Structure formats: C-alpha cells, structure tokens
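Here the structure is a predicted model, which is why all the values come from computation and not from measurement. Naming convention: chains lettered A, B, ... in sequence-line order (proteins, then strands); numbering from 1 in each chain.
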Number of protein chains: 2
Amino acid sequence: MSIVLLAKSLGLSISTVSRALNGYEDVSAATRERVVLRAKAIGYRPNPSARRLGAGKTLAIGVILPAAGSTGQAVDSMYSSLLGGVVTEIEPAGYHLLASMQAKHDAARETALFENFIRGGWVDGLLIVRTRVHDARLELARAAKMPFVAYGRTESDQPYAWVDTDNEKAFRLATTRLLDLGHRRIALINGPEEYSFAQFRRRGYVRALASRKLKPDPTWMLHGDLTEGAGHELCRSLLIRRPAPTAFVCATDSMAFGAIAACREAGLSIGRDVSVIGYGNSSLSAFCDPPLTTMEHQVFENGRYVGRALLQLLRKEIQPADVHYLEPVVLVPRKSDGPAPQ
Amino acid sequence: MSIVLLAKSLGLSISTVSRALNGYEDVSAATRERVVLRAKAIGYRPNPSARRLGAGKTLAIGVILPAAGSTGQAVDSMYSSLLGGVVTEIEPAGYHLLASMQAKHDAARETALFENFIRGGWVDGLLIVRTRVHDARLELARAAKMPFVAYGRTESDQPYAWVDTDNEKAFRLATTRLLDLGHRRIALINGPEEYSFAQFRRRGYVRALASRKLKPDPTWMLHGDLTEGAGHELCRSLLIRRPAPTAFVCATDSMAFGAIAACREAGLSIGRDVSVIGYGNSSLSAFCDPPLTTMEHQVFENGRYVGRALLQLLRKEIQPADVHYLEPVVLVPRKSDGPAPQ
DNA sequence: TTGCTTGACAAAAACGTTTTTGTCTAGCCC
DNA sequence: GGGCTAGACAAAAACGTTTTTGTCAAGCAA
C-alpha cells in the first residue's frame with residue numbers, strides 16, 4: 001500500500017504519483033519534483049512484484065549455467081566473471097540476473113529447463129552461454145519472442161545477437177607461432193566438439209596448417225572436457241604415438257596444465273623438448289613453471305558488452321542483427337613454447 | 001488470464017483451481033486430480049509475477065557476489081560452484097537465485113546495495129558470502145526479518161544460520177604436518193584480515209605452533225588478496241629475511257602457486273628446500289609440478305547444504321540456530337612439502 | 001425438528017503497481 | 001461566444017494470482 005500512502009501524503013492521486021516517478025510528460029515539473037523529494041524522504045521503494053505484474057515485465061535477465069566437465073558437480077569458473085560483467089551493466093538499469101543451473105550435461109533436460117524459463121514468465125531476456133553448433137535454445141527463445149544474447153556463435157539462418165571471442169584467429173595465431181618456431185607435428189587438444197567454440201578453434205588450427213601447405217591429420221585433433229584431467233589424458237595418448245607431436249595447442253589453460261603434466265611425466269622439458277600453448281590467460285599462467293604462453297581473453301569485459309546489448313535489445317533501441325561483437329584476441333608469449341627440437 | 005481460462009474450461013471457480021493446484025485440503029481428491037490433469041494438458045503455468053504479488057513471496061533467494069582481489073574486475077571463481085550447489089537444491093522447490101554483484105571492495109556501497117536488496121522486496125531470503133569478522137550485513141538482514149544463511153561465520157551475539165569450512169582445523173592440520181616434518185620456521189600467507197576465514201586460519205596456525213611450545217611471530221603471518229600475485233609478493237618478502245622460513249601455509253591454492261613461483265625464483269626446490277601447502281584442492285593442484293599438498297574443500301556440496309537450509313528456514317521448519325554446519329576438512333598430501341632442510 | 005459441524009466449493013477482497021481512459025480548466029482562434 | 005486544443009491531474013481498469021470469507025448441502029447428535 002506504499003504508493004497509496006505516498007499519494008495521500010502529497011494530496012495527489014496514485015496515478016499521478018506513479019507517472020511522476022516514472023518520468024512521464026503529463027506531470028508538471030513542479031509536481032514531479034515534489035513527488036520525487038517526498039518519495040525519497042519517506043523512503044518509498046516500489047514493490048518489485050507489483051511492478052512486474054502491473055507493467056508485464058520481470059526486470060530480470062535469465063541465465064542457465066552449464067555444469068563443467070561430465071560430472072556436473074561444478075560450474076565452469078569462467079562464468080562467474082562473465083556474470084559479474086553482465087550484472088555490472090544491468091544492475092544500474094534496475095535489472096537483476098536470475099540464475100538457473102543445468103545439473104548435468106543433458107541436452108533434453110536443458111531444453112526443458114530452458115523452456116520453463118522462457119514460457120514461465122520468469123525473465124524479460126536471456127543470456128545463452130556456451131553455444132552449440134546446432135543450438136535448440138536459440139530457436140526456443142526466438143519462438144517465444146524473448147530477447148537474448150548468445151555468448152558464442154552458432155549455426156543459424158536467422159540473424160541473432162551474439163558476443164564471441166575470435167576463437168578462430170586465436171588458434172590460427174597460436175598454431176602459426178608454433179609453425180614459425182619450426183614445429184611440424186602440432187596436435188590440437190580441443191574442447192567438446194558439439195560446442196561452437198571448439199569448431200572455430202579447430203578451423204583456426206587447420207587454416208594455419210593449410211597456409212603452410214601442411215595437411216592436418218584428424219587423429220591429431222582430439223576433444224575432451226575443459227579440465228586438467230582431460231588435457232592430461234589426451235596429451236598422454238598423443239605422446240605415445242610415433243612420431244609424437246612436438247607441440248600442443250590447448251583449448252584452455254587448464255587443459256594446457258594437464259598436458260604439461262603429461263609431458264613432464266614423459267620426461268620432456270616444456271619449452272625445449274615440447275611446446276604447449278594454452279588459452280585464457282588465467283591468473284595462474286604467469287606464475288607457473290614455465291610461464292604459460294597463452295591467449296588473452298577478457299571475460300569480464302565481454303560480460304559488460306553482453307549486459308549493454310541486452311539492455312538495448314530490451315528497450316528496442318537496436319536489433320539482434322546489430323549485436324555482433326567479436327572480441328579481438330591477443331597472444332601472450334611466455335616460456336612454455338620454443339623452437340622445435342631437431 | 002490463464003487461471004481464469006483453466007477454471008472456465010473445468011467449470012470450476014478460480015479459487016478452487018488455485019487451491020487444488022496448491023494442494024490445499026479443502027479440495028476433494030477427485031477434483032484436484034481433474035484440475036492437475038487439465039492444467040498439464042493445456043500447459044498452464046502460473047504467472048510468477050502474479051504469484052509473487054498474490055502470495056507476498058518473491059520465490060527468489062538473493063546473493064551478492066564479492067569481487068575478487070582489489071581490482072574488482074572479476075568474481076572469485078569459487079562462487080560459481082557454490083551457487084551451482086545452491087541452485088541445484090532450491091530450483092526443484094520453485095525458487096530461483098537472484099544475483100547481484102558488488103562492483104568494488106567498498107563496505108559502504110556494499111551495505112547500500114544490500115539494503116536495497118532486502119528492503120526493496122526483491123527476495124525472500126539471502127545468502128551472505130565471504131563474511132567479515134564484524135559483518136553489518138547480518139544485522140541488516142536480521143533487522144529486516146529476512147531469513148538468511150551465512151557462508152562463513154562472524155562475530156555476533158545473536159544466533160544465526162551458518163555453513164562454514166573448518167578453517168581452523170584445516171590450518172592446524174597443515175601446520176602440524178609441517179611441524180612433524182621438522183619445520184620450525186613456518187610462515188602463514190593468509191587472506192585479507194577483515195574476513196573471518198582469515199582469522200580462523202590464523203588461529204589454527206597459531207594453535208598448532210603453540211601446542212609445540214613455539215611462539216608465533218606476528219611478522220610471519222601476512223595478509224593479502226587471494227591471488228597468485230599476492231602469494232608471490234608475500235612469499236618474496238618473506239624469503240629475503242634471515243633466517244628465512246622453510247615452509248609456507250597458504251590461504252588458497254592460487255596463493256600457493258604464487259608462493260611456489262617466488263620460491264623457484266629464489267632457486268629453491270619445492271618439497272626439498274622449502275615446503276608449501278595450499279588450500280582448496282583445486283583441480284590443478286594434482287597436475288602441477290610438484291603436485292600440491294592442499295586441503296580438500298567441497299564447495300559445491302556446501303552450496304547444496306546452504307540451499308537446503310534456506311528452504312527449511314523459509315518454510316520455518318527450522319530456526320537459524322539449527323543451521324550450524326562445519327564442513328570437515330581433509331588434508332590431501334602430495335609432493336610440495338617434505339622434511340625440513342638441515 | 002433444531003442446531004451444529006464438516007466437506008466442498010465459490011465469491012470477493014487483496015496484493016501494489018502500471019496503463020488506459022476520463023475530467024476539468026485555461027488559453028486560443030475564429 | 002463557441003469550439004478546439006493542450007496541460008495537468010484523477011479515476012478506474014488491468015495485471016493474474018493467493019487468501020479470506022462466505023455459502024450450501026449433507027450428516028449427525030440431542
């Protein structure tokens with residue numbers, strides 16, 4: 001009954017107070033000021049639930065966090081920074097972030113959860129993270145006319161809003177660097193292949209090889225979870241081949257650390273006998289031994305971009321097709337790679 | 001108008017339909033079943049906004065994510081797993097997680113944000129993370145009669161619900177292990193001292209020393225951000241002292257990795273010349289070189305515990321004083337520590 | 001029979017806003 | 001002076017539920 005009291009204390013009608021507070025033009029400047037002042041004075045805060053019902057808006061952006069790895073017991077830590085960036089932008093506009101989580105790596109359950117999210121009227125907009133090559137979520141969101149921004153691209157014949165890292169360029173750069181160092185047997189330790197980022201990375205890797213007339217060997221492009229364990233396992237399986245790779249490009253720093261462990265177990269010196277490049281420029285990468293050559297990835301900033309884009313989409317200031325932000329990628333050279341051994 | 005249509009299609013009143021769906025006793029079993037069936041058939045989903053307004057509940061749990069480090073540009077990655085655990089539990093009960101973020105390390109702004117969260121009617125309950133020794137947030141939540149669970153203890157004369165790790169025991173175990181290995185000059189590389197966990201860890205360290213009649217030296221207990229950079233810096237400042245420490249107990253694995261880097265730069269062999277113990281059992285700790293001796297910390301599981309406690313508090317099935325869960329801590333011995341050098 | 005209780009449902013109020021539509025006055029033009 | 005417009009505010013409807021209160025018949029005891 002709060003706005004009622006406020007209106008009463010001002011001798012105005014509820015509607016005038018509401019319109020004054022929401023900045024409508026049909027309230028005189030003097031009245032508006034009086035209302036705003038009094039509202040502040042008595043500490044009036046519009047009830048969000050009532051507001052939502054009245055305006056038909058939820059003032060919330062939804063996101064479904066993907067579980068990391070196959071155990072489903074953790075969330076990829078990258079997302080906390082992404083969400084931090086999003087919240088930083090949407091919070092001042094009065095929006096909040098409604099987080100759900102996908103318990104397991106299960107596309108069907110994920111779709112159901114997603115549909116509930118959309119259809120249930122929980123949110124005004126969506127953040128779709130970790131896109132797949134073919135991603136049913138985009139179609140669902142579109143069908144429900146729910147504004148969204150995808151973090152990562154996907155295959156779609158319709159325009160849609162996306163923010164992505166230039167994965168292809170990143171892996172082209174990394175692979176080219178290794179080629180320039182004289183490596184010819186370069187393996188790719190990639191993430192799960194259903195995710196678009198893995199496809200882009202693979203493409204970058206393949207193109208770098210192709211530009212030197214080298215034929216990429218599919219058995220040297222492996223996929224696994226984005227964990228140290230998977231990196232370790234995949235690297236090991238590559239090292240026992242003859243001839244073995246002399247260099248590894250990894251989908252994340254975590255995988256790179258796993259690969260490094262495997263190389264070390266095989267008695268190889270990192271940066272001399274074998275080269276490893278990671279991705280993400282995690283805070284650790286500068287402090288490990290040897291410091292990891294990796295690719296810089298500004299997750300927090302990307303989150304901010306996503307947040308701004310979502311707000312503009314909600315206000316219909318822009319169209320989905322206007323949101324195509326490809327984060328430039330920078331290689332951070334350190335000591336985990338070096339000239340190819342003879 | 002959805003429930004209206006559903007009611008109409010059944011020839012029942014809105015109230016009966018509502019009560020049937022919400023499991024009230026004054027609806028006959030037959031009618032209830034008929035309603036539930038039809039609701040499912042026509043895909044009826046109660047509008048959350050209306051529900052919130054009608055019931056005076058928001059069906060949301062609020063959390064304010066603390067920024068990591070002093071830059072405020074990232075969120076501590078630990079929290080994504082904690083939130084994952086919380087969501088896993090509250091989701092099936094129809095609750096969602098509303099996330100906000102604290103842009104900078106600024107207690108005043110944090111309090112304002114927090115108050116808005118509580119007073120604004122955004123949430124039914126709160127998750128208060130990274131508690132301080134004196135934490136204004138608890139008083140605010142209590143004053144607003146908002147149920148909450150604190151992740152981490154604090155100094156308070158009132159009972160409150162908390163879930164915490166046994167930080168004291170963890171650091172007692174770690175320090176004792178080093179003492180057993182013959183170390184006498186053990187330094188503590190701790191987190192920011194305003195946080196309660198840092199106090200508990202310090203206490204564990206001090207008590208372990210005291211139990212061997214060793215007098216803890218305050219200049220050997222340093223505080224810093226929970227980052228590799230801080231761990232590196234603090235460790236360096238300790239290594240130039242004479243006599244220098246032969247062992248380091250660190251507040252997080254990240255700090256430990258930083259400390260290890262500093263030791264290596266000083267030409268020390270980890271596990272031989274110097275011992276380092278971390279905390280958190282991060283996925284990396286098993287794969288680094290040498291594998292890191294650390295303490296196991298089940299963040300996801302703790303999140304689940306928090307989620308369950310929150311639900312029970314909201315349903316008033318338990319009192320805040322009933323929620324006192326101290327996660328047992330286990331030391332995971334690996335290779336980053338060893339006998340004290342002569 | 002009367003009165004009371006109980007079971008099953010319905011009517012209506014309440015939740016606190018926003019939005020739509022309405023009213024009234026003053027000013028202006030012809 | 002009549003009609004029109006614009007400005008400023010008010011009344012009332014709408015949003016879609018939940019909750020409170022009401023109704024009515026059947027059953028039962030005295």
- Map L12(B) and P46(A) onto DNA chain C by nearest heavy atom, then report which one ends up closer to the 5' terminus. L12(B)
- Query: Contact class for G11(A) vs. all strands (heavy atom < 4.0 Å): base, sugar-phosphate, or nothing?
  - Reply: sugar-phosphate
- Message: Can you measure L6(B) atom CG to dT17(D) atom C1' for me and round it to whole angstrom units?
- Response: 13 Å
- Message: Any heavy-atom pair between the side chains of L326(B) and D164(B) that's under 4.5 Å?
- Response: yes
- Do S13(A) side-chain and dA11(D) base share a donor-acceptor contact under 3.5 Å? no
- Whole-Å distance separating the CG atom of N47(B) from the P atom of dA14(D): 17 Å
- Return the value, rounded to whole Å, for the distance between atom CZ of R45(A) and atom P of dC15(C). 21 Å
- T16(B) side chain near dA10(C) phosphate (N/O to OP1/OP2, under 4.0 Å): yes
- Message: Nearest to the side chain of I14(A), heavy atoms from C-beta on, is which of dT18(C), dT18(D), dA12(C)?
- Response: dT18(C)
- Message: Among dG16(D), dA12(D), dT20(D), which nucleotide has an atom closest to any side-chain atom of R19(B)?
- Response: dT20(D)
- Query: What distance do R130(A) atom CZ and L65(A) atom CG have between them, rounded to the nearest 0.5 Å?
  - Reply: 11.0 Å
- Out of dC15(D), dC15(C), dA10(C), which has the shortest distance to the side chain of L53(B)? dC15(C)
- Message: On the nucleotide dT18(D), are OP1 or OP2 found under 4.0 Å from the side-chain N or O atoms that S18(B) carries?
- Response: yes
- Task: For D26(B) and for Y44(B), locate the closest nucleotide of DNA chain D by heavy-atom distance; then report the residue assigned to the nucleotide nearer the 5' terminus.
- Result: Y44(B)
- Message: In whole Å, I'd like the distance from the NZ atom of K57(A) to the P atom of dT17(C).
- Response: 17 Å
- Query: Quick one: R51(B) CZ to dG16(C) C1', roughly how many Å, whole number?
  - Reply: 19 Å
- Nearest of dT17(D), dT18(C), dA11(C) to any side-chain atom of I3(A)? dT18(C)
- Could a donor-acceptor pair under 3.5 angstrom be found where the side chain of S28(A) meets the base of dA8(D)? no
- Hey, does R137(A) have a side-chain heavy atom less than 4.5 Å from the side chain of T154(A)? no
- Message: With a 4.0 Å cutoff (strictly under), does any side-chain N or O of Y24(A) reach OP1 or OP2 of dT18(C)?
- Response: no
- Starting from P on dC15(D), measure out to CG on L5(B) and report it in whole angstrom. 11 Å
- Assert: residue with more 5' nearest nucleotide on DNA chain C, out of G54(B) and V17(B), is V17(B)
- Message: A side-chain contact here means heavy atoms from C-beta on lying under 4.5 Å apart; do Y79(A) and S80(B) qualify?
- Response: no
- Message: Would you say T31(A) places a side-chain N or O within less than 4.0 Å of OP1 or OP2 belonging to dC9(D)?
- Response: yes
- Task: Counting heavy atoms from C-beta on, name the nucleotide in dG16(C), dG16(D), dC9(D) closest to the side chain of A50(A).
- Result: dG16(C)
- Nearest-angstrom distance from the residue atom CG of L59(B) to C1' of dG16(D): 14 Å
- Message: Does the plane of the ring in W162(B) sit parallel, tilted or perpendicular to the ring in H324(B)? Use 30° and 60° as the thresholds.
- Response: parallel
- Query: Between Q319(B) and D322(B), is any pair of side-chain heavy atoms under 4.5 Å apart?
  - Reply: yes
- Should N22(A) be listed as having a side-chain N or O under 4.0 Å from OP1 or OP2 of dT18(C)? yes
- Query: Roughly how many Å is it from CH2 in W122(B) to P in dG16(C), rounded to a whole number?
  - Reply: 16 Å
